[in-house]
Amino acid sequence: MKVLVIGGGGREHAIVWALSKSARVTEIVCAPGNAGIAQSARCVAVNTGDLAAMLRVVESERPALTVVGPELPLSLGLVDELLRLGLRVFGPTQAAARLETSKSFAKDFMQRHAIPTAAYAVCRSLDDVRRQLPHFAASVVVKADGLAAGKGVVLCNSHAEAEQAATEIFSGALLGTAEKELVLEEFLDGEELSFFALCDGKHAVALAAAQDHKRIGQGDTGPNTGGMGAYTADGLMSAELEQWLLQNVAQPVVDQMAREGSPFQGILFCGMMMARQSDGSIRPMVLEFNARFGDPETEAILVRLESDIVDLFDAAIDGTADRLAIRMRPGASVCVIAASGGYPGKVVNGKPINGLDSVRDLEAVVFHAGTAAKDGAIVTAGGRVLAVTAVSSEPTPAATTPLQNALAKAYAALEKISFEGMQFRRDIGWRALRDGL
Ligand code: AMP
Ligand code: GLY
């Protein structure tokens, strides 16, 4: 069968890589793709912010299955259009994707259905913010309502800081466009965990848990990024926690979205805070939902997937996810991002990338996030450039756990790769290593 993947980052490279291992897939097209994806799929240029252009690609390619990677096409209603054409597509409709595209929708939805999340208030003006702030402690989080590529969340230590952040969100100073709505939220302390459920409109089944590293600097310091690395490891999520998350978060979301007329099909990414309570206990609470695979978590998850990925997509589309047995390779995996100099600020593209060929013999997969081909060479084309990924099922004499072994493989590959300004974190997975994983 012919499969079309929409998107062109590390996540889409990992999806294309998994599709290329499927016995059922004969042709892969990726729009727009990137220089790495072009090695295993035919790439077709398209702007993923242009709905009509994406529809033209679908109509000329006529794929048997379309997989939508990023949130922007979901927010534009690409899935709705393909369903109207009677085509098979993996991903939620525009209305279902509101779980990600509108923080106020997601918070109100969780409150309506008693899904555990931080206390909050939706504000439409600075006056609203001033009225609501006295109900919150000094540590408060201010979140722009819409899609903001990780830049719409401000953690504040005082009400004055929160008012300042709100002013910047409403004026457009923070995000470049003036927002009409924001969410004030209680600050939660604890460790984060990303839980991924495959949903078919009726059922939610567990795919994996991962932890990402959002900050640019070692030890989780400096500004937030799209994600500088991620890992998965057996033991990161206990079987009890997985059941709890299915029963108290993912399945209620699927049930209630269906009841409200927007059945959710695709990946439900539950960004959880394992919130420390004043009595010392831990209560998992939802920080956010995403309506798609995470990036770079997907790279780390898919290198462990042993099932045919097309079976996952089919089950989601056909409403048979409850009959699916998802097989994952035991052990651990890691993805380390190599980013351009200056990221997450301004970057200069077009820097030649060296050493990609010398990684071939190492046990790492180099997914391309932001790369382009130029005069026969591969050059940088974006903030996040490469997603260097490795998996391990066994410890070795030098690495006492599978995670340590996976990290050793990924960092060995990174040693071989270079481009001007390249930056990467050397401490991916530090929490899990601390915890003995
Ligand atoms: P979000 O886009 O909502 O996931 O927020 C981005 C990041 O901000 C999260 O991954 C957390 O690190 C942090 N964050 C968001 N909401 C809260 C909260 N209520 N308490 C503490 N940290 C938060
Ligand atoms: N890694 C976080 C995200 O994909 O939004």
Side-chain angles (χ1 to χ4, degrees), residues 7 9-12 14-15 69-72 74-75 97 99-107 110 116-121 136-157 162 165 169 174-175 182-196 208-216 220-232 266-277 283-302 335-337 339 344 367 369 383-384 387 389 425 428 431:
R11 162 184 50 213
E12 288 74 26
I15 293 170
E71 58 275 26
L72 183 57
L74 298 174
S75 75
L99 286 171
E100 170 166 8
T101 60
S102 168
K103 300 240 182 238
S104 62
F105 173 83
K107 293 297 287 190
M110 286 187 271
T117 190
Y120 75 104
F136 290 85
S139 292
V140 57
V141 186
V142 185
K143 300 184 174 186
D145 185 65
L147 287 179
K151 299 192 183 98
V153 174
V154 188
L155 307 179
C156 303
N157 290 314
I169 287 172
L174 186 72
L175 297 171
L182 58 76
V183 171
L184 290 181
E185 202 174 278
E186 167 197 13
F187 177 85
L188 301 175
D189 182 37
E191 286 190 4
E192 291 179 49
L193 183 76
S194 303
F195 175 62
F196 294 83
Q211 220 163 35
D212 77 345
H213 297 261
K214 287 205 171 72
R215 306 293 196 93
I216 186 75
D220 295 328
T221 54
N224 262 343
T225 69
M228 291 299 290
Y231 62 93
T232 73
I267 294 290
L268 181 68
F269 167 154
C270 309
M272 304 299 305
M273 181 68 92
M274 307 305 287
R276 259 187 293 277
Q277 308 294 293
R283 188 154 176 252
M285 300 219 228
V286 178
L287 285 182
E288 64 159 348
F289 289 122
N290 291 316
R292 51 170 174 85
F293 278 114
D295 196 351
E297 294 91 335
T298 300
E299 291 90 312
I301 292 170
L302 293 187
C335 170
V336 184
I337 296 290
F367 295 122
R384 291 190 292 176
T389 309
R425 280 181 58 170
I428 300 304
R431 279 197 193 83

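In each ligand, atom 1 is the first atom listed, and ligand 1 is the first ligand listed.
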### Summary
Between Phe136 and Leu184 the two heavy atoms that sit nearest each other are CZ-O, 3.7 Å
### Message
Could you tell me, atom by atom, which parts of ligand 2 come under 4.0 Å of a heavy atom of Asn290?
### Response
5 (O)
### Query
Just which atoms of ligand 2 are under 4.0 Å from any heavy atom in Asp212?
1 (N), 2 (C)
### Message
Please list the nearest protein heavy atom to atom 4 (O) of ligand 2 with its residue and the distance rounded to 0.1 Å.
### Response
Asp295 N, 2.9 Å
### Message
Tell me whether Glu192 contacts the main-chain N or O of Gln211 through its side chain, where contact means a donor paired with an acceptor under 3.5 Å.
### Response
no
### Subset of ligand 1 atoms that lie under 4.0 Å from at least one heavy atom of Phe187
20 (N), 21 (C)
### Any N/O pair Lys214/ligand 2 closer than 3.5 Å
no
## Note on the structure
Minimal heavy-atom distance between Ile169 and Gly152, with the atoms involved, is CD1-O, 4.4 Å
### Short N or O distance, Leu188 and ligand 1, threshold 3.5 Å exclusive
yes
### Message
Which of the numbered atoms in ligand 1 are under 4.0 angstrom from any heavy atom belonging to Met273?
### Response
21 (C), 22 (N)
### side-chain contact (heavy atoms from CB on, under 4.5 Å) partner of Thr298, chosen from Arg292, Arg11, Glu12
Arg11
### Query
Is the shortest N/O to N/O distance between Asn224 and ligand 1 below 3.5 Å?
no
### Query
Shortest non-hydrogen contact from His213 to Thr225?
O-OG1, 4.4 Å
### Task
May I ask you to identify, for Glu297, whether its side chain, its backbone, both or neither come under 4.0 Å of ligand 2 on a heavy-atom basis?
side chain
### Message
When you measure from the heavy atoms of Gly226 to every atom of ligand 2, does any distance fall below 4.0 Å?
### Response
yes
### Message
Given 3.5 Å as the limit, does a donor-acceptor pair link the side chain of Asn290 with the main chain of Phe269, or not?
### Response
no
### Summary
At under 4.0 Å between heavy atoms, what of Glu192 touches ligand 1? The answer is side chain
### Task
State which residues pass side-chain contact (heavy atoms from CB on, under 4.5 Å) with Glu186; sequence neighbours excluded, sorted by chain then number.
Ala118, Ala119, Leu188
### Message
Once you restrict to heavy atoms under 4.0 Å, what part of Arg292 touches ligand 2? Side chain, backbone, both or neither.
### Response
side chain
### Query
Can Lys103 and Glu185 be counted as an ion pair, charged N to O under 4.0 angstrom?
no
### Task
Within a distance under 4.0 Å of any heavy atom of Lys214, pick out the atoms of ligand 1 and give their elements.
10 (O)
#### Entry: Distance filter under 4.0 Å to Lys103 heavy atoms, resulting ligand 1 atoms
1 (P), 2 (O), 3 (O)
### Query
Would you call Val153 and Glu288 a side-chain contact if the rule is heavy atoms closer than 4.5 Å?
no
### Query
Hey, which atoms in ligand 2 end up nearer than 4.0 Å to a heavy atom of Gly294?
4 (O)
### Query
Is the shortest heavy-atom distance from the side chain of Met110 to the side chain of Tyr120 under 4.5 Å?
no
### Query
In terms of side-chain geometry, is the basic nitrogen of Asp220 or Arg425 positioned less than 4.0 Å from the acidic oxygen of its partner?
yes
### Query
For ligand 2, is there an atom lying under 4.0 Å from some heavy atom of Gly227?
no
### Message
Tell me the nearest of Lys143, Met272, Glu191, Glu186 to atom 15 (C) of ligand 1, using heavy-atom distances.
### Response
Lys143
